[in-house]
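Shown next, in structure tokens, is the structure this report addresses.
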Amino acid sequence: MKVTSFVSGNVRKQLLNPLTFLWTLNPETRLYEIRGNGPYRDILVYGDSMTHAIEILEQEILPCLWEDYANEDDERLSRRAQQLKVDLLSRVAP
């Protein structure tokens, strides 16, 4: 699945290069799982429907990443967090 935008601080951030996530339906829990890859590999979202899982990703996770990483000084971020910051900044339209 691809994410093309998210909202942060009441502003819609358009992604020039969509983020790609993998999803599965866990047959035991009957929950949809969305997993990131690359610098987003630590992201794992659950929802009782695909729509719910996507809402959590777009309305909670990505805005949090934007606030916590994109706006942070590099010196305060780990190397992996810096990679995520660079990738996220390169995707968001000015």
Side-chain angles (χ1 to χ4, degrees):
M1 66 157 279
K2 294 184 185 228
V3 176
T4 59
S5 68
F6 64 93
V7 175
S8 178
N10 295 325
V11 176
R12 178 154 300 277
K13 304 287 186 185
Q14 291 297 128
L15 299 174
L16 299 171
N17 185 10
L19 289 169
T20 302
F21 292 89
L22 305 173
W23 69 271
T24 58
L25 175 60
N26 185 319
E28 292 179 18
T29 63
R30 301 182 79 186
L31 293 175
Y32 287 86
E33 299 175 358
I34 297 176
R35 295 180 183 271
N37 55 41
Y40 305 89
R41 66 185 168 270
D42 292 331
I43 294 175
L44 179 59
V45 179
Y46 296 98
D48 55 6
S49 69
M50 181 58 118
T51 301
H52 183 235
I54 292 169
E55 285 174 359
I56 293 170
L57 181 64
E58 291 178 343
Q59 296 175 11
E60 295 178 29
I61 304 300
L62 293 176
C64 190
L65 289 178
W66 182 258
E67 293 301 320
D68 291 349
Y69 294 95
N71 297 317
E72 187 59 70
D73 291 329
D74 287 348
E75 298 80 37
R76 297 185 58 157
L77 297 173
S78 69
R79 183 171 183 87
R80 283 180 57 192
Q82 288 176 16
Q83 292 170 340
L84 190 145
K85 174 183 176 176
V86 168
D87 186 79
L88 192 56
L89 288 172
S90 73
R91 292 174 186 269
V92 174

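None of the values given here were measured: they were computed from a predicted structure. Scope of the values below: all heavy atoms of this structure, side chains included, with no hydrogens, waters or symmetry mates.
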(request) Mind listing the closest non-hydrogen atom pair of P39 and L84 along with its distance? (result) O-CD1, 3.2 Å
(message) So, taking the atom named CD1 in I61 and the one named CD1 in I54, what distance separates them when rounded to the nearest 0.5 Å?
(response) 13.5 Å
(request) Could you pull out all residues at least two apart from L77 that satisfy side-chain contact (heavy atoms from CB on, under 4.5 Å)? (result) Y69, E72, D74, A81, Q82, K85
(request) Please list, chain by chain and in numerical order, all residues satisfying side chain to side chain donor-acceptor pair (under 3.5 Å) with Y40, sequence neighbours excluded. (result) D87
(request) Mind jotting down which residue pairs meet the salt bridge (Lys or Arg N to Asp or Glu O under 4.0 Å) criterion with at least one end in residues 50-66? Sequence neighbours excluded, please. (result) none
(message) To the closest 0.5 Å, what do you measure between OH (Y32) and CG (D48)?
(response) 9.5 Å
(request) Share the residues that join L44 in a hydrophobic cluster, the rule being Ile, Leu, Val, Met, Phe, Trp or Tyr side chains under 4.5 Å apart at the heavy-atom level. (result) L31, Y46
Sequence neighbours left out, cut at 3.5 Å: what donor-acceptor pairs do the side chains of residues 8-17 make with other protein atoms?
{"from": "S8", "atom 1": "OG", "to": "E67", "atom 2": "OE2", "distance (Å)": "2.8"}
{"from": "R12", "atom 1": "NH1", "to": "S5", "atom 2": "OG", "distance (Å)": "2.6"}

(message) Enumerate the salt bridge (Lys or Arg N to Asp or Glu O under 4.0 Å) contacts for residues 27-38, please, sequence neighbours excluded, ordered by first and then second residue.
(response) E33-R35
(request) Please name the pair of heavy atoms, one in P18 and one in R91, separated by the smallest distance, quoted to 0.1 Å. (result) O-NH1, 2.8 Å
(message) Measuring only between side-chain heavy atoms, which start at C-beta, is M50 closer than 4.5 Å to L25?
(response) no
(request) Report the distance from atom CG of L65 to atom CG of L57, rounding to the nearest 0.5 Å. (result) 8.5 Å
(request) Spell out, yes or no, whether V7 and M1 are grouped together once hydrophobic residues are joined by side-chain heavy atoms under 4.5 Å, including indirect joins. (result) no
(request) Not counting sequence neighbours, which residues clear side chain to side chain donor-acceptor pair (under 3.5 Å) with D42? List them please. (result) R80
(message) Any non-hydrogen side-chain atom of L62 less than 4.5 Å from a side-chain atom of L19?
(response) yes
(message) Going by the rule side-chain contact (heavy atoms from CB on, under 4.5 Å), which residues pair with S49 if we only count those two or more places apart in sequence or in a different chain?
(response) T51, H52
(request) Would you please name every residue forming a side chain to side chain donor-acceptor pair (under 3.5 Å) with D68, sequence neighbours left out? (result) none
(message) Give me the atom names and distance for the closest heavy-atom approach of V45 to A53.
(response) CG1-O, 3.5 Å
